[in-house]
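Have a look at the structure below before the remarks.
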Number of protein chains: 2
Amino acid sequence: MASKRPATGEGAFEGPEHAELPPCAGGLGPLRLKCEGSFFVGMGARTVDAPYYGRTGLAGPGEISVGQMYVHYRCPEVATRPPIVLIHGSNHTGATFETTPDGREGWATLFVRLGHPVYVVDQVGRGRSGFDPTPLNEAIDQRDLSLTHKAPLYARAGAWVNFRFGPRYPEPFPNTQFPLDHLDHYMAQLVPNAEELAAGRSGEATIDALVSLLERVGPAVLITHSQAGLYGLEVARRCRDGVLALVSIEGGCAPIDEATATAMREIPFLSLWGDNSSGAAGANGDARRNDAQNLAFTLAAAGGDATHNVLPDHGVFGNTHMLMMDRNNSDLADFLSAWIVRAT
Amino acid sequence: MASKRPATGEGAFEGPEHAELPPCAGGLGPLRLKCEGSFFVGMGARTVDAPYYGRTGLAGPGEISVGQMYVHYRCPEVATRPPIVLIHGSNHTGATFETTPDGREGWATLFVRLGHPVYVVDQVGRGRSGFDPTPLNEAIDQRDLSLTHKAPLYARAGAWVNFRFGPRYPEPFPNTQFPLDHLDHYMAQLVPNAEELAAGRSGEATIDALVSLLERVGPAVLITHSQAGLYGLEVARRCRDGVLALVSIEGGCAPIDEATATAMREIPFLSLWGDNSSGAAGANGDARRNDAQNLAFTLAAAGGDATHNVLPDHGVFGNTHMLMMDRNNSDLADFLSAWIVRAT
């Protein structure tokens with residue numbers, strides 16, 4: 001035992017021994033929380049037949065839980081700024097906002113340090129929210145492949161282009177702020193969109209769960225990323241009094257009509273985009289950026305506080321689609337927090 | 001805006017407004033951390049063909065990340081006790097050890113308050129560790145259902161019996177310590193065992209990743225639950241100098257021979273069982289409990305510090321298979337921490 005027996009007494013353990021994790025090297029100092037933990041919202045039930053779950057003994061028949069969304073909350077000892085809900089994009093989980101691939105603090109704790117209570121969710125069908133396996137299990141039991149769909153997951157080259165690490169794999173943009181020397185740690189956080197096993201629109205369950213979250217915890221600022229941009233807009237439509245402000249980080253969006261814009265004009269809106277999107281291949285190029293700009297214009301024309309901010313236009317260069325883990329993620333958190341304080 | 005605009009200035013936000021979450025009502029006081037965050041271990045790569053990932057644009061072809069394990073760490077400001085790795089069981093994720101279904105603190109933070117650095121993992125194929133969707137996607141593309149397997153998930157009645165909330169659904173054990181009035185919040189945390197989509201033994205990738213974790217962070221105490229009991233034994237076999245002690249909470253185990261017992265005798269071992277397992281239906285009854293008792297006996301016979309502890313024999317009644325979220329979970333954390341300090 002001696003060789004591995006730890007010393008005892010105060011300070012015997014200085015924390016994890018992985019030097020590549022600056023937070024544990026004391027980089028930003030202690031994190032003091034009023035509370036930290038998790039809960040679920042949006043739970044529903046679906047009745048299944050025994051054979052689908054025979055592999056876990058007495059698991060069936062009966063009701064499985066479906067539609068739930070995992071919510072991880074961190075509250076600063078003294079909260080001085082509005083609560084924030086962080087909502088990740090396609091093929092990701094809430095891990096998007098935790099420690100960066102190269103071991104720096106993510107927005108989840110950086111916003112807490114700035115005085116915000118922070119809620120990080122896993123979209124329904126991903127991560128700790130689980131997923132409904134019934135389409136797959138029924139397809140196997142009924143020998144009918146049409147009952148299920150694929151669970152898409154990004155491969156390295158596709159992620160490289162779509163998330164704008166570079167123009168083509170493995171060539172990086174010369175000014176990239178993404179920690180590409182830890183790309184393996186980034187790819188590890190991608191998960192299949194298992195909600196797509198089921199037919200119909202994905203995202204509806206996440207939108208419903210986000211509305212339930214706001215009803216439970218009270219008004220909050222929504223910071224959405226990529227795919228979740230559309231969800232944030234729908235939540236704002238359904239739950240206007242629950243959304244203090246809406247931030248769309250390179251977010252998907254669709255045109256809204258004047259009536260919708262007028263109804264939403266009291267919700268401050270900020271669209272934030274990184275660098276190298278002009279003429280970029282993949283999903284996060286000119287078309288999506290122009291949609292975001294048009295949405296901000298429509299909201300502003302209706303009298304709203306709406307801004308479309310492309311970082312290079314303000315002297316900030318090299319940000320990728322994954323701004324929250326780029327090397328300047330702390331500066332961006334400061335910028336967003338200041339905007340939130342002003343706008344709300 | 002006025003109706004939902006928050007007040008500003010210190011103390012404007014007292015944290016989440018969900019009264020059912022005592023931690024945020026200040027139940028145990030502030031949580032002061034040296035650091036908190038996440039990382040991944042065990043990453044591998046698998047090459048896939050484009051069609052499997054066509055639904056996410058440029059997602060394929062190329063390498064997807066497989067075999068990774070999500071690790072969430074929390075380190076107390078001053079760590080005075082050995083690091084602990086918490087490893088959940090079948091159909092669960094690390095959420096098992098977070099806030100309980102009725103909103104009390106879970107072992108993840110309770111052990112931190114006792115002075116332990118704590119690592120909570122999601123088994124490979126579950127939660128934020130993601131899963132390899134290739135078996136399903138190939139089955140669909142090649143129209144061959146034999147390429148994939150089911151993803152089992154507990155339904156309510158099966159969980160009720162197997163996790164010993166009561167003898168039969170919906171009848172509870174009279175003395176149960178489980179917060180059954182929040183059963184929906186418990187069922188919500190169950191996830192499919194998506195690693196079972198692939199043929200072959202599940203658990204191997206999690207065992208490999210746990211060995212990688214110990215190599216990265218240094219020696220730690222493993223606290224395994226249920227299915228993970230077998231994994232903890234295998235990790236201890238492969239990585240004896242990395243395991244300070246092994247705790248098996250109603251853990252699965254197989255007989256070990258005298259040579260293995262001799263090799264493992266320097267690793268203190270504790271098997272902990274709850275109540276109402278005698279004659280219980282389902283997977284967590286006499287057979288599994290007797291296996292655990294026999295394992296402890298074999299280790300002790302080889303000269304090891306090995307104990308099999310059935311709580312009712314010590315005057316603690318009503319614990320279920322989910323001891324970490326039973327009403328006395330804080331007392332059990334105190335007991336385990338004291339055992340760890342003594343044993344290591």
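Just so it is clear, the structure is predicted and the values come from calculations on it, not from any experiment. Residue numbers start from 1 in every chain, and the chains themselves are labelled A, B, ... in the order their sequence lines are given, proteins ahead of strands.
Both the backbone and the side chain of Met187(A) have a heavy atom closer than 4.5 Å to some heavy atom of chain B. Only the side chain of Leu136(A) comes within contact range of chain B, with at least one heavy atom under 4.5 Å from a heavy atom of that chain. Neither the backbone nor the side chain of Arg46(A) comes within contact range of chain B; no heavy atom of the residue lies under 4.5 Å from a heavy atom of that chain.
Put simply, the side chain of Tyr70(B) does not reach to within 4.5 Å of the side chain of Thr93(A), judged on heavy atoms. Here the side chains of His72(B) and His72(A) are in contact, with some heavy-atom distance below 4.5 Å. At least one side-chain heavy atom of Glu77(B) sits less than 4.5 Å from a side-chain heavy atom of Pro30(A). Under the 4.5 Å side-chain criterion, counting only non-hydrogen atoms from C-beta, Gln189(A) is not in contact with Phe39(B).
Applying the salt bridge (Lys or Arg N to Asp or Glu O under 4.0 Å) criterion to Arg168(B), with sequence neighbours excluded, gives Glu171(B). Under the salt bridge (Lys or Arg N to Asp or Glu O under 4.0 Å) criterion, Arg126(A) pairs with Glu195(A), not counting sequence neighbours.
The residue among Val191(A), Asp184(A), Leu31(A) with the most heavy atom pairs within less than 4.5 Å of chain B is Leu31(A). Counting heavy-atom pairs closer than 4.5 Å to chain B, the top-ranked of the candidates Gly37(A), Ala188(A), Ser65(A) is Ala188(A). For the set His116(B), Arg128(B), Met69(B), the count of heavy-atom pairs under 4.5 angstrom toward chain A peaks at Arg128(B).
Using modelled atom types, one side-chain atom of Asn137(B) and one backbone atom of Ala151(A) make a donor-acceptor pair closer than 3.5 Å.
Less than 6.0 angstrom separates the ring centroid of Phe131(B) from the ring centroid of Phe131(A).
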